[in-house]
Amino acid sequence: MKTFSILILILWNCLPTESKVSLVNAQSQINAAVNFKAKSCRDECLKANPNNQTICPSGNPPQPPLFVFTDQMQRNLDFCSIAILRTNCPFDGYPIACIGIYYEQGTPNELPWYFNFNELAKNKFKP
């Protein structure tokens, strides 16, 4: 019986679980992605318009900022961060994929084959 209990305990610990990221670390990851994208859009604009810098964005993120209110599922956080980095310039809104950080239950573990992540990253919302 003791061996059976140990085996059950080992198997229980091997089951996949959705990891959580603390609120502070989640906000930090979102901020890093947002700031990187804002700066890269500014740099891209300056390369394309070296003689007319007044038309380029300031390099600041969209306002209001994207706030994280609770600990986050790692998958939702990564989904949002990658969508931010893949969004098109000008960076004037957040990808619709970032709405997932406000869901408590998380996103599905696997995306359907017909799901186009690139299109989802192009659609933006402004908080």
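Keep in mind that what you see is a predicted model, and the values were worked out from it rather than measured. Residues: numbered from 1 along the sequence shown.
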Is there a disulfide bond (SG atoms under 2.5 Å apart) between Cys45 and Cys56? Walk through the geometry before answering. CA-CA 6 Å; Cys45 181; Cys56 294; 2.2 Å; yes

Closest non-hydrogen atom pair, [X] against [Y]:
| X | Y | result |
| --- | --- | --- |
| Val21 | Ala26 | CG1-N, 3.6 Å |
| Gly59 | Ala38 | O-CB, 3.3 Å |
| Tyr94 | Leu66 | OH-N, 3.4 Å |
| Leu85 | Ala33 | CD2-O, 3.8 Å |

For the side chain of Gln72 and the backbone of Thr70, is there at least one donor-acceptor N/O pair under 3.5 Å apart? yes

Met73 and Lys20: side chain to side chain contact (heavy atoms under 4.5 Å, CB included), yes or no, with the steps? CA-CA 5 Å; Met73 303 288 247; Lys20 287 244 181 182; 3.7 Å; yes

Does anything in residues 32-51 pair up under side-chain hydrogen bond (donor to acceptor under 3.5 Å, both in side chains), and if so which pairs, sequence neighbours excluded? none

The complete set of side-chain hydrogen bond (donor to acceptor under 3.5 Å, both in side chains) pairs with one or both residues in residues 22-34, sequence neighbours excluded, reads Ser22-Asn25, Gln27-Asn31, Gln29-Asp78, Gln29-Ser81

Hey, is Cys80 close enough to Cys98 that the SGs sit under 2.5 Å? yes

Could you walk me through whether Ile84 and Phe91 pass side chain to side chain contact (heavy atoms under 4.5 Å, CB included), step by step? CA-CA 9 Å; Ile84 288 171; Phe91 185 46; 3.9 Å; yes

Rounded at 0.5 Å granularity, tell me how far CD1 in Ile99 sits from CG in Asn76. 11.5 Å

Measuring from atom SG of Cys41 to atom CG of Asp92, what distance do you get when rounded to the nearest 0.5 angstrom? 9.0 Å

Is any side-chain heavy atom of Leu77 closer than 4.5 Å to a side-chain heavy atom of Ile30? yes

